[in-house]
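In this chain, numbering begins with 1 at the start of the sequence shown.
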Amino acid sequence: MIEWLKKYLHLNMAAQGIVGINKRNISYILAHNERKFYPLVDNKILTKELAEKASIPTPKLLGKIEYHSQIYSTLQNIDCEKGFVIKPAQGSGGGGIMVITRKEGDNFFKAEGNPIDIKEMHYYVSNVLAGLYSLGGIRDTAMIEERIICHNMFDKIAYKGVPDLRIILFHGYPIMAMLRLPTRQSDGKANLHSGGLGVGLDIATGKTTYAMQDGQYITHHPDYDTELSALKIPNWRQTLEIIAGFRDIIPLKYLGIDMVVDQEKGASLLEANARPGIAIQIANKCGLEPRLKMISKLVENGYIHNTPEERVEFVMASLEANQ
C-alpha cells in the first residue's frame, strides 16, 4: 500500500490537493500542534479523563495495570459480563490491543474464539508494561475498557472486530472522515496497514463513497461480499458535533479523532491522534488541502464559529455545496 500511495501522491498531488507527509508535518502538525500538549492525546487514559470531564461519550474504564504485582489480581477480579478490551495506554497503530469476549475459570476467550489462559495473559500484559507496543518503547500502563457492542449496521461489513470512524479535525471543524473496517486478512482489526478497509465518508451526509484495501479500490467487502457504497452512519450530525467539541478540551488544532458506534450508546470516543495519517484522502478520492485552506481563511479573518453545532453546520453546508 505504501508504494502505491507514494505513486498516487506523486501523480496527483497538485491536481487533487493532496497533503503529503512532509506538508502535513511542517504546515499543519508542527505549525498548529504545540508539543507540550501531545501527552494529552498520546496517553489514552489522559484523553479519556478529559473526555469524561467534558461529558463526551467514551467506553468506560474498568481498570488499569501499572505494575507487575497488579496483573493477577486485576485479571481475576475484572468484570467480564460483556467482555473487555486491554490496550497499551500509549500504544500506536493499533498494536497490543486484545479483545476478550468472555472468561471461563482461568481462561479468557478472544474475539476470534481462541482461548488464552491467565499465564499467557500475564505475559501479554507484562509486554505492555515493558513498552513493547508504546510510542518510543517507553514504559507503559495497560488500560482495561468495556467492550464495544457494535451497531448492527456493521454486521455484514466488519469481520470479527470493531470498526471505527477516523475524522480529521482542524480548529474544531471536522473536515474529512473515513470508516475503517476489519477483515479476515487484518485479523479482525480496523488497521489499514494490516489489510483493513478504508471507506470514504461524505462529510455532509455520513454516507459511504469509495473503499480501498491494500492500495486498491474495491466495491464489496472481501469476506461478506457486501456492497460498501451508499451505507449511512447512524446519527451522523450528532457524531460530528461530539467530535467538534474536542476543540474545547484539547488545545491541539490538527487532530485525528477515532470514534466507535455502539449499539446502545451511539458514538463514543476511542482515542485522539496528533499525527493522523494521510490515507484518508485516498479513501475519499479527495485531497485535504482545499478544506484546510477553507478553515485557515476563516481563522485568519476571525470568523471561527463558537459552538460545535455551528462548526458542523458550516462544514456540512460548505462541503455539500461543493459536491
Grouping I, L, V, M, F, W and Y whenever their side-chain heavy atoms are under 4.5 Å apart, do Val128 and Leu46 come out in a common cluster? no

Tyr173-Val41 co-clustered via ILVMFWY side chain contacts under 4.5 Å: yes

Short side-chain to backbone donor-acceptor contact, Thr208 and Leu231, under 3.5 Å: yes

Identify whether Leu192 and Leu270 are in the same connected component of the hydrophobic contact network (ILVMFWY, side-chain heavy atoms under 4.5 Å). no

Do any N or O atoms from the side chain of Lys110 and from the backbone of Ile116 form a donor-acceptor pair under 3.5 angstrom? no

Answer whether the closest heavy-atom distance between the side chains of Leu197 and Pro222 falls below 4.5 Å. yes

Do Ser268 and Met259 come close enough that some side-chain heavy atom pair is under 4.5 Å? no

Any heavy-atom pair between the side chains of Val260 and Pro163 that's under 4.5 Å? no

Can you list the residues that meet the side-chain contact (heavy atoms from CB on, under 4.5 Å) rule with His68, with sequence neighbours excluded? Ile71, Ser126, Leu129, Arg139

Interatomic distance, Lys53 atom NZ to Ile249 atom CD1 [nearest 0.5 angstrom]: 10.5 Å

Evaluate the side-chain contact (heavy atoms from CB on, under 4.5 Å) criterion for residues Phe170 and Leu255: first the C-alpha distance (whole Å), next the side-chain angles of each, then the deciding distance (0.1 Å), finally the verdict. CA-CA 7 Å; Phe170 188 49; Leu255 282 170; over 6 Å; no

Is the backbone N or O of Ile175 less than 3.5 Å from a side-chain atom of Arg291, with the two atoms forming a donor-acceptor pair by type? yes

Checking Ile280 against Arg166 for the side-chain contact (heavy atoms from CB on, under 4.5 Å) test, could you report, in this order, the C-alpha distance in whole Å, the side-chain angles of both residues, the deciding distance, and whether it holds? CA-CA 8 Å; Ile280 191 170; Arg166 160 60 63 85; 4.2 Å; yes

Side-chain touch Tyr124/Met98, heavy atoms, less than 4.5 angstrom: yes

What I want to check is whether the side chains of Asp214 and Gln185 have a donor and an acceptor closer together than 3.5 Å. yes

Could you report the tightest heavy-atom contact between Ile97 and Val85, atom names first, then the distance? CG2-CG1, 3.7 Å

Run the salt bridge (Lys or Arg N to Asp or Glu O under 4.0 Å) test against Glu34 and tell me which residues pass, sequence neighbours left out. Lys36

Ignoring hydrogens and angles, tell me if any N or O in the side chain of Ser134 forms a donor-acceptor pair with the backbone of Asp140 under 3.5 Å. no

ring-ring contact (aromatic ring centres under 6.0 Å, His included) pairs touching residues 125-163, sequence neighbours excluded, are none

Out of curiosity, Thr205 OG1 to Leu319 CG, how far, rounded to the nearest 0.5 Å? 10.5 Å

Heavy-atom side-chain contact between Lys48 and Pro59 under 4.5 Å: yes

Would a distance-only check, ignoring hydrogens and angles, find a side-chain to backbone donor-acceptor pair under 3.5 Å from Ser186 to Thr183? yes

Between CE of Met294 and OG of Ser296, what distance do you get to the nearest 0.5 Å? 10.0 Å

For residues Ala283 and Met178, report the shortest heavy-atom separation together with the two atoms involved. CB-SD, 4.0 Å

Taking all heavy atoms of Leu228 and all of Ala211, pick out the closest pair and write down the distance. CD1-CB, 3.6 Å

Note: Asp258-Arg180 ion pair, threshold 4.0 Å (strictly below): yes

I'd like to know if the side chain of Asp262 reaches the main chain of Cys150, judged simply by a donor and an acceptor atom lying under 3.5 Å from each other, with no hydrogens or angles considered. no

Please check this pair: side chain of Gln213 against backbone of Gly195, looking for a donor-acceptor N/O pair closer than 3.5 Å. yes

Output, in order, the C-alpha distance, side-chain angles, deciding distance and verdict of side-chain contact (heavy atoms from CB on, under 4.5 Å) for Ile157 and Thr226. CA-CA 6 Å; Ile157 58 172; Thr226 306; 3.6 Å; yes

Does the side chain of Leu201 come within less than 4.5 Å of Lys207's, by heavy atoms? no

Here the gap from Ile257 atom CD1 to Leu240 atom CG, rounded to the nearest 0.5 Å, amounts to 11.5 Å

Enumerate the ring-ring contact (aromatic ring centres under 6.0 Å, His included) contacts for residues 222-277, please, sequence neighbours excluded, ordered by first and then second residue. Tyr28-Tyr254, His221-Tyr224

Between Asn43 (side chain) and Pro39 (backbone), is there a donor-acceptor pair under 3.5 Å? no

Gap separating the CD1 atom of Ile65 from the NE2 atom of His122, nearest 0.5 angstrom: 9.0 Å

Lys60/Glu145 salt bridge by N-O under 4.0 Å criterion: no

Would you say Asn284's side chain and Ala177's backbone share a donor-acceptor pair under 3.5 angstrom? yes

What pair of heavy atoms forms the shortest contact from Thr239 to Ala267, and how long is it? OG1-CB, 3.4 Å

Leu181 side chain reached by Val199 side chain, heavy atoms, under 4.5 Å: yes

Partner set under side chain to side chain donor-acceptor pair (under 3.5 Å) for Gln263, not counting sequence neighbours: none

Please tell me if the side chains of Phe108 and Leu75 come closer than 4.5 Å, counting only heavy atoms from C-beta onward. yes

Gln76 side chain to Thr74 side chain, donor-acceptor N/O pair below 3.5 angstrom: no

Sidechain N-carboxylate O distance under 4.0 Å for Arg102, Glu104: yes

What distance separates Ile78 CD1 from Lys103 NZ, expressed to the nearest 0.5 Å? 9.0 Å

I'd like to know whether CZ of Phe37 has more than 12 heavy-atom contacts from other residues, nucleotides or ligands below 6.0 angstrom. yes

Let's go through Lys253 and Val299 carefully: what are the C-alpha distance in whole Å and the side-chain angles of both, what is the deciding distance for side-chain contact (heavy atoms from CB on, under 4.5 Å) to 0.1 Å, and is it a yes or a no? CA-CA 11 Å; Lys253 304 300 188 296; Val299 175; over 6 Å; no

Quiz item: cation-pi between Arg35 and Tyr38, 6.0 Å / 45°: yes

Is there a path of hydrophobic side-chain contacts, each under 4.5 Å between heavy atoms of I, L, V, M, F, W or Y residues, that connects Ile26 with Ile21? no

ILVMFWY clustering at 4.5 Å (side-chain atoms), partners of Met143: Ile45, Leu61

Carboxylate-amine/guanidinium contact Glu289 Lys293, below 4.0 Å: yes

Which heavy atom of Pro88 sits nearest to which heavy atom of Gly95, and what is that distance? CG-O, 3.5 Å

Could you tell me if Arg147 sits above the aromatic ring of Phe84, with its cationic atom closer than 6.0 Å to the ring centre and no more than 45 degrees from the axis? no

Heavy atoms only: give me the nearest Ala190-Val162 pair and the separation to one decimal. CB-O, 3.7 Å

I'd like to know if Glu309 and Arg237 make a salt bridge, using a cut-off of under 4.0 Å between side-chain N and carboxylate O. no

Paired with Arg275, the side chain to side chain donor-acceptor pair (under 3.5 Å) test is passed by just one of Asn33, Asp42, Asn25, namely Asp42

Check this for me: does any side-chain nitrogen of one of Glu146 and Lys265 sit under 4.0 Å from a carboxylate oxygen of the other? yes

Ignoring hydrogens and angles, state whether a donor on the side chain of Lys189 or Ser194 is under 3.5 Å from an acceptor on the partner side chain. no

Under 3.5 Å, is there a donor-acceptor pair between the side chain of Thr209 and the main chain of Gly200? yes

